[in-house]
Q: 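Quick one: the structure is below, and I'll ask about it shortly.
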Amino acid sequence: MQLSLGLLKTWIENNQDATRLTNNGKSMFRDLALFQDYHGLPAFKNVLAEFMAEIRGNKMSFDPRKLVLMVGATAACETLMFCIAEYGDAFLLPTPYYPGYDRDLKWRTGVELLPIHCSSSNGVLITNPSNPLGTTMSHVEQDELITFTVAKKIHLISDEIFSGTVFENPSFVSIIEAVIDRKLEKTDLWSRVHIVYSLSKDFGIPGFRVGMIYSNNERVVSTATKMSSYGLISSQTQYLQSKLLSGKEFREKYLKENRNRVKERREMMVVGLGEAGISCLKGDAGLFCWVDPRNLLSSNTFTEEMELWKKILHEAGLNISPGVSCHCSEPGWFRICFANMSRETIKQAVLLHVT
């Protein structure tokens, strides 16, 4: 994600202690290089918990002791599967959903991913804000999901890696906030709700591989912490990120500016496609648009959807995600990401896409 990379580069240039691994001029190299606690650096976990609360309007708090660091959200999601599911257990996912889940959640765990209408499962997994739709769940929708989860006595995982990109009101509501509003903290549901988060999207630094699990389930936290030893975030990365997130003024400035840029780029994409007669689902978050070029299909089939995808890929040189890869039940929808493109590239991409 390149939208706000310049803000991070400026911060790095003005905070050489972080990149030089020093603290007030004193070298931290020895401390960081010779030992790593798989629980994570306390300074990083503390400021990360503050940052997660800040994104959610400080309407809830996060206990750093319940936060498990992982090398990205991919590892966090897979680890959760190992912690709460057995081989062959099923998880319900609303469609369309992020196509990477078919790899991340299934390949090594043996877990099955099933449509939301299935009758039995071990849990439900949602992405909020949604990938690929670019929309946030309303409080009413989360209430219905919580009611369903309580009735079925199953786990509920909320992947919230795009929570900092929400650019429209009402503000983002985390699943734990929704549970607290229902006053369910003292019920067994409290230990069956889990959050996955990452800095890859909100801070645009996927190369640093910073992800995490947050859970009120002591057994999940303990097991995930032990499993994290197979994929620890380096002490140097944690140190740099703790410095980056420790400045509240910078955090607030970055989030505000990044949300504005996400909104601006999305509107460029929507307006450009709209002028060509192609509509987009109304969204309020995320780094992509859910696009509806069904008027370009010669027939309303997934075969024609794939033919259009191939044409866009080979003739226009644009790789967008066909809806079928996201398990969309209706042919003709596509996900287009805009966060890694400049304004000029977006203009050219829209032109090529519609011609």
Q: With distance as the sole criterion, is a donor-acceptor pair present between the side chains of R209 and T237 under 3.5 Å?
A: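 No, T237 and R209 have no side-chain donor paired with an acceptor closer than 3.5 Å.
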
Q: Assert yes or no for the condition that the ring centre distance of F162 to F288 is strictly below 6.0 Å.
A: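 Between F288 and F162, which both carry aromatic rings, the centre distance is below 6.0 Å.
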
Q: Is W290 reachable from L297 through a run of hydrophobic residues whose side-chain heavy atoms are each under 4.5 Å from the next?
A: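 No.
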
Q: When you measure from the side chain of S198 to the backbone N and O of V210, does any donor-acceptor pair fall under 3.5 Å?
A: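 Yes; judged by distance alone, with no hydrogens or angles, the pair exists.
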
Q: Report, as yes or no, whether the 6.0 Å neighbourhood of atom CD on E218 holds more than 12 heavy atoms from other residues, nucleotides or ligands.
A: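 Count not over threshold, so no.
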
Q: Answer yes or no: does atom NZ of K248 have more than 12 heavy-atom neighbours from other residues, nucleotides or ligands under 6.0 Å?
A: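 Counting other residues, nucleotides and ligands, NZ of K248 stays at 12 neighbours or fewer.
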
Q: Checking the side chain of T79 only, and the main-chain atoms of A76 only, is there a donor and an acceptor separated by less than 3.5 Å?
A: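 A pair under 3.5 Å: no.
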
Q: To the nearest 0.5 Å, what is the distance between CG on L105 and CZ on F82?
A: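 Going from CG on L105 over to CZ on F82, the span is 10.5 Å.
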
Q: Please report the closest heavy-atom contact between C326 and P132, naming both atoms and the distance.
A: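 Closest approach of C326 to P132: SG-CG, 3.9 Å.
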
Q: Report yes or no: do W333 and V324 belong to one cluster of Ile/Leu/Val/Met/Phe/Trp/Tyr joined by side chain heavy-atom distances under 4.5 Å?
A: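 In one cluster: no.
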
Q: Might you point out which heavy atoms bring R192 and D188 nearest each other, and give the distance in Å?
A: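 Nearest heavy atoms, R192 then D188: NH2-OD1, 3.1 Å.
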
Q: Kindly compute the distance separating CD1 (I176) from OG (S215), expressed to the nearest 0.5 Å.
A: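 The OG atom of S215 is 7.5 Å from CD1 of I176, to the nearest 0.5 Å.
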
Q: Would you say that I233 contacts Q241 through its side chain, given a criterion of any heavy-atom pair below 4.5 Å between the two side chains?
A: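 A side-chain contact is absent here, since even the closest heavy-atom pair is not under 4.5 Å.
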
Q: Other residues, nucleotides and ligands only: do more than 12 of their heavy atoms fall within 6.0 Å of CD on E257?
A: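 Correct, the count exceeds 12.
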
Q: For the residue pair N128 / S158, report whether a side-chain donor-acceptor contact shorter than 3.5 Å exists.
A: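 N128 and S158 do not have a side-chain donor-acceptor pair below 3.5 Å.
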
Q: Check for a donor-acceptor pair, side chain of R259 on one end and backbone N or O of G164 on the other, with a separation under 3.5 Å.
A: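 Yes, the answer is positive, given that a donor and an acceptor are paired below the 3.5 Å cut-off.
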
Q: Any heavy-atom pair between the side chains of I161 and S200 that's under 4.5 Å?
A: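 A side-chain contact is absent here, since even the closest heavy-atom pair is not under 4.5 Å.
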
Q: If I compare all heavy atoms of L114 with all of A90, which pair ends up nearest, and what's the gap?
A: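 Looking at all heavy atoms of both residues, the closest pair is CD1-CB, 3.2 Å.
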
Q: Quick check: does any side chain N or O of S222 sit under 3.5 Å from a backbone N or O of R219, one acting as donor and the other as acceptor?
A: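 No, S222 side chain to R219 backbone: no donor-acceptor pair under 3.5 Å.
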
Q: Test D143 against D181 for side chain to side chain contact (heavy atoms under 4.5 Å, CB included), laying out the working first.
A: CA-CA 9 Å; D143 277 345; D181 287 347; over 6 Å; no

Q: Evaluate side chain to side chain contact (heavy atoms under 4.5 Å, CB included) for N319 paired with W309, printing each intermediate quantity in order.
A: CA-CA 8 Å; N319 188 11; W309 172 73; 3.4 Å; yes

Q: Give a yes or no answer on whether the side chain of E305 reaches the backbone of G332 with a donor-acceptor pair at less than 3.5 Å.
A: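 Flag set: sc E305 to bb G332 pair under 3.5 Å.
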
Q: Go through the steps to decide whether L113 and H327 satisfy the test side chain to side chain contact (heavy atoms under 4.5 Å, CB included), and finish with yes or no.
A: CA-CA 11 Å; L113 304 183; H327 299 267; over 6 Å; no

Q: Flag the pair E264 and R261 as a salt bridge only when some basic side-chain nitrogen lies within less than 4.0 angstrom of an acidic carboxylate oxygen.
A: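 Salt bridge: no.
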
Q: Which of these passes salt bridge (charged side-chain N to carboxylate O under 4.0 Å, His left out) with R56: E177, E50, E160?
A: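 Answer to the salt bridge (charged side-chain N to carboxylate O under 4.0 Å, His left out) test with R56 among E177, E50, E160: E160.
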
Q: Establish whether F148 and V173 are linked, either directly or via other cluster members, by ILVMFWY side-chain heavy-atom contacts under 4.5 Å.
A: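 No, because F148 and V173 fall into different hydrophobic clusters, even though each may have its own neighbours under 4.5 Å.
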
Q: When you compare the side chains of H155 and N217, does any donor N or O come within less than 3.5 Å of an acceptor on the partner?
A: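 No, no side-chain donor-acceptor pair sits under 3.5 Å.
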
Q: What's the spacing between I175 CD1 and T149 OG1 if we round to 0.5 Å?
A: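 Answer rounded to 0.5 Å: 7.0 Å.
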
Q: Taking side chain as C-beta onward, heavy atoms only, is L240 less than 4.5 Å from I12?
A: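 In contact.
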
Q: Are L281 and F172 joined in one hydrophobic group, where the rule is that I, L, V, M, F, W and Y side chains link up if heavy atoms are under 4.5 Å apart?
A: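 As far as the 4.5 Å side-chain criterion goes, F172 and L281 are not connected within one cluster.
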
Q: Hey, does the side chain of Q238 reach the backbone of L41 with a donor-acceptor pair shorter than 3.5 angstrom?
A: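 Yes, because the side chain of Q238 sits within donor-acceptor range (under 3.5 Å) of the backbone of L41.
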
Q: Report yes if some heavy atom in the side chain of K256 is under 4.5 Å from a heavy atom in the side chain of N260; otherwise report no.
A: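 They are in contact (side-chain heavy atoms under 4.5 Å apart), so the answer is yes.
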
Q: Do we see a donor-acceptor contact under 3.5 Å between the side chains of D202 and Y254?
A: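 Distance-only check fails for D202 and Y254.
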
Q: If you measure from NE2 on H39 to NZ on K45, what distance do you get to the nearest 0.5 Å?
A: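 These two atoms lie 7.0 Å from each other.
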
Q: Take R266 and F167 through the side chain to side chain contact (heavy atoms under 4.5 Å, CB included) test and state the conclusion after the steps.
A: CA-CA 11 Å; R266 189 184 193 282; F167 54 81; 3.6 Å; yes

Q: Measuring centre to centre across the rings, with the benzene-like ring taken for any Trp, is F91 within less than 6.0 Å of Y101?
A: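 Ring-ring flag for F91/Y101: false, centres at least 6.0 Å apart.
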
Q: Any sub-3.5 Å donor-acceptor pair from E141's side-chain atoms to S138's backbone N or O?
A: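 Judged by distance alone, yes, a pair lies under 3.5 Å.
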
Q: I want to check something: taking the side chain as every heavy atom from C-beta on, are D159 and Y98 in contact at a cut-off of under 4.5 Å?
A: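 No, every pair of side-chain atoms sits at 4.5 Å or beyond.
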
Q: Are the side chain of K201 and the backbone N or O of L287 linked by a donor-acceptor pair below 3.5 Å?
A: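 Checked: no pair found.
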
Q: Return the NZ to CG distance between K253 and L7, rounded to the nearest 0.5 Å.
A: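 Output value for this atom pair is 6.5 Å.
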
Q: For V270 and C289, work out which heavy atoms get closest and say how close.
A: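 Shortest heavy-atom separation between V270 and C289 comes out as CG2-SG, 4.1 Å.
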
Q: Quick check: do V196 and M70 have side-chain heavy atoms less than 4.5 Å from each other?
A: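 Answer no - side chains too far apart.
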
Q: Going by heavy atoms in the side chains, are C280 and V291 under 4.5 Å from each other?
A: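 They are in contact (side-chain heavy atoms under 4.5 Å apart), so the answer is yes.
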
Q: So do I126 and P94 actually touch side chain to side chain, heavy atoms under 4.5 Å?
A: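 A side-chain contact under 4.5 Å exists here.
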
Q: Return the minimal non-hydrogen interatomic distance between A49 and P64, and the atom names on each side.
A: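 Closest pair (atom of A49, atom of P64, distance): CB-CG, 3.9 Å.
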
Q: Less than 6.0 angstrom separating the ring centers of Y197 and Y214, yes or no?
A: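 No, ring centres 6.0 Å or more apart.
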
Q: Backbone N or O of I84 within a donor-acceptor pair of the N122 side chain at under 3.5 Å?
A: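 Yes, N122 side chain to I84 backbone: donor-acceptor pair under 3.5 Å.
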
Q: When hydrophobic residues are tied together by side-chain contacts of less than 4.5 Å, even through go-betweens, does L8 share a cluster with F51?
A: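 Same hydrophobic cluster.
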
Q: Once rounded to the nearest 0.5 Å, what's the spacing between atom CD of Q142 and atom OG of S174?
A: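 Separation between the atoms: 7.0 Å.
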
Q: Nearest heavy-atom pair of G283 and T135: which atoms, and what distance?
A: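 For G283 versus T135, the nearest heavy atoms are CA-CG2, 4.1 Å.
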
